Amino acid sequence: MWLFNRKGPSGFSASSTAEEVTEGIDGTGLTAIVTGGSSGIGTETARVLALRGVHVVMGVRNMTAGREVKEAMVKGNPTAKIDAMELDLSSMASVREFAEEFNSSGLPLSILINNAGVMATPFMFSKDNIELQFATNHLGHFLLTNLLLEKMKKTALESGREGRIVNVSSRRHQFSYREGIRFDKINDPSGLESVVTCKKILIKPALFIYRYNGLSAYGQSKLANILHANELSRRLKENGAEITANSVHPGAVATDLFRHQSFVSGLIGLLGKYMIKNVQQGAATTCFVALHPQVKGVSGHYFADGNKVEASPQANDSELAKKLWNFSLNMIDRCTPVS
């Protein structure tokens, strides 16, 4: 990454690491949830937050991997406060169980890092019959955030310390489908217009012009991450809550996120040391936005390489953000079990 070490206004660059951007910051007394903490930049984010004194709860799908990561972190930092809790973001039931368990744990919550994700998968459905990338990358985090918001508000009020929500997006948000979010075609594998019921998919005849594309669907979910953070920020400001919400682009990072793209994986192997970030650099912007004093009171913005940058026009579309918010609530409501 020596090609990209020019520092921005924050004093950091694409080459900065998570440890560098948090150097000297004391996170003692803070509790953070990091989704996807058992691999990639999620692990590094959790490790560095714990290094700064934050009590970290990792939301992980694979508890065996989560326990192994926790043990490794504690071995490297015996004073680290780290827990692992089961969380499958592609399952709305799992999200609800995680939130219920955390909310009843007695722990405060100052930082929520919506990091976990899947990338450019073949078309497949989640457990709730929702396209997997949209369900995992956006909808699961949307529900999780909503379920933990009251806990964060209470913590901010009682501690007098600002709460921070960080959505890990991607520069790929600029390359979603043409319409940005395909509200009536989220579950569209082959050009048919579909209606989501969670129990089954109702198919309507339509022109075959909206074929599923793994990378475009990924871009759609990452666009949703930014729109979610922006609309959440607007609502938090409106309610006077001492919580900020921002989104970040970690950069192109050499992780297993590329496992479904063999060409990209090969390219990383060839050019990685020159153009691709390592996980220490990939976690830097997330840790910067989560902990750094420079970001105090800053909300509704998009960051990359440790600096505030401009997102795409679609990502800044407030009406699209409101529409996505209502659409997401609708989808979650359809997935709620009837008591």
Side-chain angles (χ1 to χ4, degrees), residues 33-40 42 57-67 84-104 112-149 167-169 181-190 192-204 212-225 228 256-257 259-260 324-339:
I33 288 175
V34 180
T35 68
S38 63
S39 65
V57 177
M58 301 184 298
V60 299
R61 188 174 56 179
N62 184 328
M63 282 298 291
T64 300
R67 282 189 285 266
M85 290 173 54
E86 188 171 0
L87 172 63
D88 180 356
L89 285 154
S90 70
S91 165
M92 300 305 109
S94 176
V95 173
R96 291 183 185 281
E97 287 171 11
F98 176 92
E100 184 177 356
E101 184 179 350
F102 183 86
N103 283 332
S104 60
L112 172 61
I113 298 178
N114 292 320
N115 163 82
V118 292
M119 178 181 177
T121 63
F123 183 87
M124 59 184 81
F125 286 121
S126 71
K127 294 176 181 177
D128 299 298
N129 286 330
I130 301 167
E131 189 275 312
L132 186 64
Q133 294 190 82
F134 189 82
T136 305
N137 298 351
H138 166 64
L139 203 61
H141 283 127
F142 178 86
L143 175 59
L144 180 67
T145 303
N146 280 5
L147 294 175
L148 296 174
L149 209 50
N167 282 0
V168 179
S169 180
I181 307 294
R182 304 195 315 173
F183 291 105
D184 59 345
K185 303 175 182 69
I186 289 294
N187 288 344
D188 181 359
S190 60
L192 294 176
E193 185 179 347
S194 58
V195 178
V196 186
T197 67
C198 273
K199 297 299 181 184
K200 59 183 178 180
I201 307 300
L202 303 179
I203 304 296
K204 296 181 180 179
Y212 174 84
N213 179 286
L215 281 171
S216 296
Y218 176 70
Q220 173 179 247
S221 70
K222 296 290 101 178
L223 173 61
N225 290 154
H228 170 219
D256 64 355
L257 200 60
R259 62 188 177 276
H260 296 291
L324 175 65
W325 186 281
N326 292 328
F327 178 78
S328 301
L329 286 176
N330 231 356
M331 292 192 83
I332 287 168
D333 185 57
R334 290 172 177 175
C335 296
T336 303
V338 178
S339 56

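Just so it is clear, the model here is predicted, and its values are computed rather than measured.
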So, Asn213 and Ser216: side-chain donor and acceptor under 3.5 Å apart, yes or no?
-> yes
CG on Asp333 to CG on Leu329, rounded to 0.5 Å = 8.5 Å
Would you check if there is a donor-acceptor pair between the side chains of Asn167 and His141 at a distance under 3.5 Å?
-> no
Look at the rings of Trp325 and Phe142 and say which category their plane angle falls in: under 30° parallel, 30 to 60° tilted, over 60° perpendicular.
-> perpendicular
Taking all atoms of both residues into account, what is the closest heavy-atom pair of Val60 and Gly37, and its distance?
-> CG1-N, 4.1 Å
Would a distance-only check, ignoring hydrogens and angles, find a side-chain to backbone donor-acceptor pair under 3.5 Å from Ser90 to Ser126?
-> no
What one should report as the nearest heavy-atom pair of Lys127 and Ser91 is CD-CB, 3.8 Å
Nearest heavy atoms of Lys222 and Ser169, plus distance in Å | O-OG, 2.8 Å
Only counting residues at least two apart or in another chain, list the ones meeting ring-ring contact (aromatic ring centres under 6.0 Å, His included) with Phe98.
-> none
Minimum heavy-atom distance Glu131-Phe125, with the two atoms named = N-CD2, 4.0 Å
When rounded to the nearest 0.5 angstrom, what distance separates CG in Leu143 from CD1 in Ile332?
-> 4.5 Å
Euclidean distance, Glu86 CD relative to Glu101 CD, rounded to 0.5 Å | 9.0 Å
Steps toward side chain to side chain contact (heavy atoms under 4.5 Å, CB included) verdict (Ile186, Gln220) | CA-CA 10 Å; Ile186 289 294; Gln220 173 179 247; 3.8 Å; yes
Is a side-chain donor-acceptor pair under 3.5 Å present for Ser38 with Asn62?
-> no
Begin with the C-alpha distance, continue with both residues' side-chain angles, and end with the deciding distance and a verdict on side chain to side chain contact (heavy atoms under 4.5 Å, CB included) for Arg182 and Phe134.
-> CA-CA 11 Å; Arg182 304 195 315 173; Phe134 189 82; over 6 Å; no
Rounded to the nearest 0.5 Å, what's the gap from CG on Asn129 to CE on Met124? Could you check?
-> 13.5 Å
Taking all atoms of both residues into account, what is the closest heavy-atom pair of Leu324 and His228, and its distance?
-> CD2-N, 4.4 Å
Output the distance between atom CD (Gln133) and atom OH (Tyr218), rounded to the nearest 0.5 Å.
-> 8.0 Å
Ile113 versus Ile33: any side-chain heavy-atom pair under 4.5 Å?
-> no
Does the side chain to side chain contact (heavy atoms under 4.5 Å, CB included) test come out yes or no for Leu144 and Leu112, once each step is laid out?
-> CA-CA 10 Å; Leu144 180 67; Leu112 172 61; 4.2 Å; yes
Side-chain donor-acceptor pair present, Ser221, Asn137, cut-off under 3.5 Å = yes
Partner set under side-chain hydrogen bond (donor to acceptor under 3.5 Å, both in side chains) for Thr136, not counting sequence neighbours = none
Leu132 side, atom CG; Leu89 side, atom CG - distance, nearest 0.5 Å = 10.5 Å
Test log, rule side chain to side chain contact (heavy atoms under 4.5 Å, CB included), inputs Met58 and Thr35 | CA-CA 6 Å; Met58 301 184 298; Thr35 68; over 6 Å; no
Closest non-hydrogen atoms of Leu147 and Asn103, given as atom of the first, atom of the second and distance, are O-ND2, 3.1 Å
